[in-house]
Amino acid sequence: MSDPDNFRQRVFQIIAAIPTGQVTTYGNVAQLAGSPRAARQVGGVLKKLPEGSTLPWHRVINRHGEISLQGEDFKRQRQALLAEGIVFKKGKVDLEKYGWKW
DNA sequence: GTTTTGACTGTAC
DNA sequence: GGTACAGCCAAAA
């Protein structure tokens with residue numbers, strides 16, 4: 001059949017399923033992808049994201065509720081989240097409130 | 001096939 | 001509460 005072992009493909013599917021106005025952590029995505037310890041790789045995959053993907057990668061943040069990126073990418077992600085109704089408190093997001101739950 | 005890298009997380013101080 | 005170090009995993013060179 002298909003390639004269920006394709007971690008990268010799995011991550012895309014998971015992130016694509018995140019509803020607007022909600023956020024999730026890399027660790028959460030990694031766990032859903034089948035490897036709870038591969039949170040790092042989740043970011044690594046998104047960094048090499050294909051341009052044709054309309055994937056809402058901006059809804060993925062670290063476990064501190066903060067954006068792990070820096071520089072322009074950081075601001076871009078923050079703006080994207082603000083545009084979706086996410087409220088930043090002291091530069092952080094309330095995962096208890098916006099944390100994505102299945 | 002081996003080595004290097006990294007948008008993370010957990011534990012320790 | 002914040003900072004520092006180590007571990008883990010998958011993809012790219």
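Numbered from 1 within each chain, the chains take letters A, B, ... in sequence-line order.
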- Message: Looking at every non-hydrogen atom in both residues, tell me the closest pair between A/Ala17 and A/Trp100 and how far apart they are.
- Response: O-CZ2, 3.7 Å

- Using the salt bridge (Lys or Arg N to Asp or Glu O under 4.0 Å) rule, collect all pairs that involve residues 55-79 of chain A, keeping only residues at least two apart or in two chains. A/Arg59-A/Glu84, A/Glu72-A/Lys75, A/Asp73-A/Arg76

- Message: How close do A/Ile86 and A/Gln22 get, counting heavy atoms only, and between which atoms?
- Response: CD1-N, 4.0 Å

- Please name the residue in the list A/Val11, A/Thr24, A/Ile14 that meets the side-chain contact (heavy atoms from CB on, under 4.5 Å) test with A/Val42. A/Val11

- CD of A/Gln70 versus P of B/dA7: gap in Å, rounded? 9 Å

- Item | nucleotides 6-13 of chain C: protein proximity per nucleotide (B base, S sugar-phosphate only, - neither; heavy atom, under 4.0 Å) | -BBSBSS-

- Message: Has A/Gln41 got a side-chain atom pairing as donor or acceptor with A/Arg8's backbone, closer than 3.5 angstrom?
- Response: no

- Task: Between A/Arg63 and A/Tyr26, just flag the one whose closest nucleotide in DNA chain B comes earlier from the 5' side.
- Result: A/Tyr26

- In whole Å, what is the span from the CD atom of A/Gln31 to the P atom of B/dT9? 12 Å

